[in-house]
Amino acid sequence: MSSILIVTSCLSLAACGSPSGAEADETALEIRTDYLAMERCSATVDLTADYGERVYEYGLTFSYERAGETVLMLTAPEAAAGVSAHIRAGETTLEYDGIRVETGPLDPAGLSPMDAVPALLAAVREGYLAETALEGTEEAGGQALHMVIRDPDVSAGSGTEYQLWFDPRDRALLQGEVSVDGHTVVRCMFSDWSMSGPETAGEGGTS
């Protein structure tokens with residue numbers, strides 16, 4: 001499983017006034033615009049769900065179609081390979097096709113491991129953008145755009161918080177995390193990312 005080596009280089013969206021901070025803010029807003037306009041995307045995901053005393057690791061593929069549906073299929077572990085679920089266009093509830101993988105909720109709202117990828121994408125498009133940073137990484141040409149998304153009425157480390165890292169060149173999502181009260185409950189590592197849509201810099205895909 002790959003990982004991103006983080007070296008923070010700017011402050012929050014609200015507080016950062018440096019040139020690098022302004023660049024991060026601008027890039028974050030451009031990425032949000034691209035994801036709002038996105039017609040379709042797909043990727044392979046290595047997902048870790050941490051319940052504290054229990055940790056589960058999954059491999060899955062997912063595809064999103066604005067005019068169709070979001071489809072997720074487990075590829076690992078072997079015992080669950082082939083289990084799939086989907087969200088129809090205009091709906092928010094995940095429907096399983098046959099067998100359901102149930103390990104329990106990860107947050108007070110009932111987030112499950114299979115809900116994590118749709119929740120991360122929804123956060124990019126609709127969540128309150130609390131912080132941005134351009135950070136050093138061993139991938140993505142040496143730099144990644146880091147977003148922190150959370151409820152504007154709670155402080156950092158409280159409630160449910162989403163952190164996402166993007167390749168600023170083609171807008172590919174590299175990594176996403178969901179934390180609850182400061183504890184990371186889901187980590188998603190993305191590869192083979194492809195997205196397309198009007199004004200989307202990521203057309204053609206990335207890996």
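The structure displayed is predicted, hence computed values, not measured ones.
- By the side-chain hydrogen bond (donor to acceptor under 3.5 Å, both in side chains) test, S63 pairs with no residue at all, sequence neighbours left out.
- Taking the side chain to side chain contact (heavy atoms under 4.5 Å, CB included) definition, one finds that T75 meets it with T61, sequence neighbours left out.
- Residues passing the side chain to side chain contact (heavy atoms under 4.5 Å, CB included) test with D107 are A109, L111, T160, V180, sequence neighbours excluded.
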* Report the C-alpha separation of L129 and M147 in whole Å, then their side-chain angles, then the decisive distance to 0.1 Å, and conclude whether the side chain to side chain contact (heavy atoms under 4.5 Å, CB included) test is met. => CA-CA 7 Å; L129 193 54; M147 289 185 188; 3.8 Å; yes

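- Residues S191 and D46 fail the side-chain proximity criterion, which asks for heavy atoms closer than 4.5 Å.
- To the nearest 0.5 Å, atom CD of residue E57 and atom CG of residue D50 are 10.0 Å apart.
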* **side chain to side chain contact (heavy atoms under 4.5 Å, CB included) between R32 and I149, intermediate numbers included** => CA-CA 12 Å; R32 168 160 286 182; I149 297 169; 4.3 Å; yes

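- With sequence neighbours excluded, the residues forming a side-chain hydrogen bond (donor to acceptor under 3.5 Å, both in side chains) with E177 are Q175, R187, listed by chain and number.
- Here C188 contributes atom SG and L164 contributes atom CG; the two are 9.5 Å apart, rounded to the nearest 0.5 Å.
- The line from CH2 of W165 to CE of M189 is 8.5 Å long, rounded to the nearest 0.5 Å.
- Shown here are the salt bridge (Lys or Arg N to Asp or Glu O under 4.0 Å) partners of R125, two or more places apart in sequence or in another chain: there are none.
- Residues V148 and L174 do not share a hydrophobic cluster, defined by chaining ILVMFWY side chains whose heavy atoms lie under 4.5 Å apart.
- Within the 4.5 Å cutoff, the side chain of D151 has no heavy atoms near those of the Y128 side chain.
- Residues forming a side chain to side chain contact (heavy atoms under 4.5 Å, CB included) with P77 (at least two apart in sequence, or on another chain): Y58, A80.
- Evaluation of the side chain to side chain contact (heavy atoms under 4.5 Å, CB included) rule for E30 yields E26, R171 as partners, not counting sequence neighbours.
- Applying the salt bridge (charged side-chain N to carboxylate O under 4.0 Å, His left out) definition to pairs two or more places apart or across chains, none involves residues 72-82.
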* side chain to side chain contact (heavy atoms under 4.5 Å, CB included) between F166 and V124: does it pass, once the steps are laid out? -> CA-CA 11 Å; F166 300 85; V124 175; 3.6 Å; yes

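- In this structure R150 satisfies the salt bridge (Lys or Arg N to Asp or Glu O under 4.0 Å) test together with E131, E161, sequence neighbours excluded.
- Between the CG atom of D115 and the CD1 atom of I87 there is a distance of 7.0 Å, given to the nearest 0.5 Å.
- With Y56 contributing its side chain and P113 its backbone, the two residues share no donor-acceptor pair below 3.5 Å.
- Checked against salt bridge (Lys or Arg N to Asp or Glu O under 4.0 Å), E69 has the following partners two or more places apart in sequence or in another chain: R88.
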